[in-house]
Amino acid sequence: MTDIPAEPKVAEVDPARTDKLVLTGLLALPALFLTVLSLVPLFLLLQLSFAHHDEGGLWTPSLELTQYAKLLNPLFLKVAAFSFTLAIGTAIVSVAIAFPAAYFISRMRRRAQVTWLVFLLSTLSLSEVLIVFSFQVLLSGSGAMVKALMALGLMSSAHSLYPSFGAVQACLIYVVLPYIILFLYPAVSQLDDDIPAAASTMGASPVWTFLTVTAPIVRGPLLSAGLLVVIWTVGTYLTPLVLGRPQNWTIGIQISNAAMTTGDLPLAAAQAVALVSLMVGLLGLTRWLSGSGSVEP
């Protein structure tokens with residue numbers, strides 16, 4: 001009797017692994033493009049920051065720390081401190097307004113939610129230039145804001161409300177607020193409605209429940225939203241330039257003046273590298289505070 005040889009077994013293909021390889025291949029090119037797009041300008045900026053500044057706005061390749069030593073200038077440190085103060089203040093106010101707004105929108109009927117989200121998305125079509133000059137008209141001596149304050153008896157005489165620190169911060173809050181509401185909406189829309197009900201059965205008021213129960217649950221998204229506002233506003237250029245006084249100018253204007261007015265490109269590059277380094281440190285601090293970098297025992 002002749003034995004029939006067994007057919008060789010065909011290796012089984014794992015569909016999950018195949019899908020993972022396909023997805024990795026599809027994302028490889030965009031990831032490589034974004035990496036190159038991010039690292040190449042940063043490398044050129046870092047190289048320029050070590051260059052030697054020549055007269056006439058020129059520079060020669062070098063490896064000197066002269067430009068970084070100039071960062072200890074009291075004027076630059078003052079501008080940097082003001083920029084971060086402005087950005088952090090804008091972040092606190094924006095998140096404090098956006099978080100309840102996103103929460104209440106997520107608890108509306110579906111049609112009302114869609115209406116609000118479409119409205120917020122439509123405001124993103126307005127450029128910062130248009131918003132800044134609209135605030136310039138609104139806060140002028142003959143603008144609607146001044147007339148309203150005079151009608152309410154809060155102003156004795158008509159005068160422009162800009163340039164001022166308040167005008168700069170109000171405009172920045174208006175610019176970033178729709179972004180932050182849309183950023184927080186997915187997180188707050190997933191909150192369980194039973195949590196406030198359970199807290200109310202324990203005797204907690206709705207406001208106290210919102211502050212001590214709901215807010216800690218979304219601590220990570222709140223800190224991320226605040227960091228996003230800081231990154232957007234710490235180097236803002238147009239808003240403080242148009243609506244602020246020279247003492248309200250940010251580090252973005254300082255870098256622009258170093259590059260365009262004095263022609264010191266290596267100094268401007270060093271200031272930009274310092275700003276990026278501070279942002280990376282702030283990102284690490286935010287991740288640590290949000291608990292995303294903690295390791296479970």
Main-chain N/O of [Y] paired to [X] side chain as donor or acceptor, under 3.5 Å:
{"X": "T233", "Y": "T236", "value": "no"}
{"X": "S256", "Y": "G252", "value": "no"}
{"X": "S140", "Y": "V137", "value": "yes"}
{"X": "S94", "Y": "A91", "value": "no"}

Any side-chain heavy-atom pair of [X] and [Y] under 4.5 Å:
{"X": "L121", "Y": "L182", "value": "yes"}
{"X": "L267", "Y": "H53", "value": "no"}
{"X": "Y185", "Y": "I105", "value": "yes"}

Hey, what do you get for [atom1] ([X]) to [atom2] ([Y]), rounding to the nearest 0.5 Å?
{"X": "M108", "Y": "Q113", "atom1": "CE", "atom2": "CD", "answer": "8.0 Å"}
{"X": "L75", "Y": "K70", "atom1": "CG", "atom2": "NZ", "answer": "13.5 Å"}
{"X": "L120", "Y": "I181", "atom1": "CG", "atom2": "CD1", "answer": "5.0 Å"}
{"X": "L191", "Y": "Y103", "atom1": "CG", "atom2": "OH", "answer": "6.5 Å"}
{"X": "L149", "Y": "H159", "atom1": "CG", "atom2": "NE2", "answer": "9.0 Å"}
{"X": "Q136", "Y": "L243", "atom1": "CD", "atom2": "CG", "answer": "6.5 Å"}

Shortest non-hydrogen contact from T35 to A31?
-> OG1-O, 2.8 Å
Under 4.5 Å between side-chain heavy atoms, counting indirect links through other Ile/Leu/Val/Met/Phe/Trp/Tyr residues: same cluster for [X] and [Y] or not?
{"X": "L283", "Y": "L45", "answer": "yes"}
{"X": "M260", "Y": "I251", "answer": "no"}
{"X": "L282", "Y": "I231", "answer": "yes"}
{"X": "L44", "Y": "V36", "answer": "yes"}
{"X": "I180", "Y": "F119", "answer": "yes"}

Within a reach of under 6.0 Å around OH of Y174, are more than 12 heavy atoms found that belong to other residues, nucleotides or ligands?
-> no
Mark yes when over 12 heavy atoms from residues, nucleotides or ligands other than M155 sit less than 6.0 Å from its CE; otherwise mark no.
-> yes
Cut-off 3.5 Å, side chains only: do E128 and T239 have a donor facing an acceptor?
-> yes
Got a sec, which residues hit ring-ring contact (aromatic ring centres under 6.0 Å, His included) with F76, two or more places apart in sequence or on another chain?
-> none
Sequence neighbours excluded, which residues qualify as ring-ring contact (aromatic ring centres under 6.0 Å, His included) partners of F50?
-> Y68
Between Y179 and W232, ring centroids under 6.0 Å = yes
Compute the centroid of each ring, for Y162 and then for F135, and state whether the two points are separated by less than 6.0 Å.
-> no
List the steps, then state whether side-chain contact (heavy atoms from CB on, under 4.5 Å) holds for V234 with L275.
-> CA-CA 9 Å; V234 70; L275 180 60; 4.0 Å; yes
Does anything in residues 187-206 pair up under ring pair (Phe, Tyr, Trp, His ring centres under 6.0 Å), and if so which pairs, sequence neighbours excluded?
-> none
Could you please spell out the steps behind the side-chain contact (heavy atoms from CB on, under 4.5 Å) verdict for R245 and N248?
-> CA-CA 5 Å; R245 298 185 176 93; N248 305 133; 3.6 Å; yes
F82 and F165: side-chain contact (heavy atoms from CB on, under 4.5 Å), yes or no, with the steps?
-> CA-CA 11 Å; F82 171 79; F165 173 80; 3.7 Å; yes
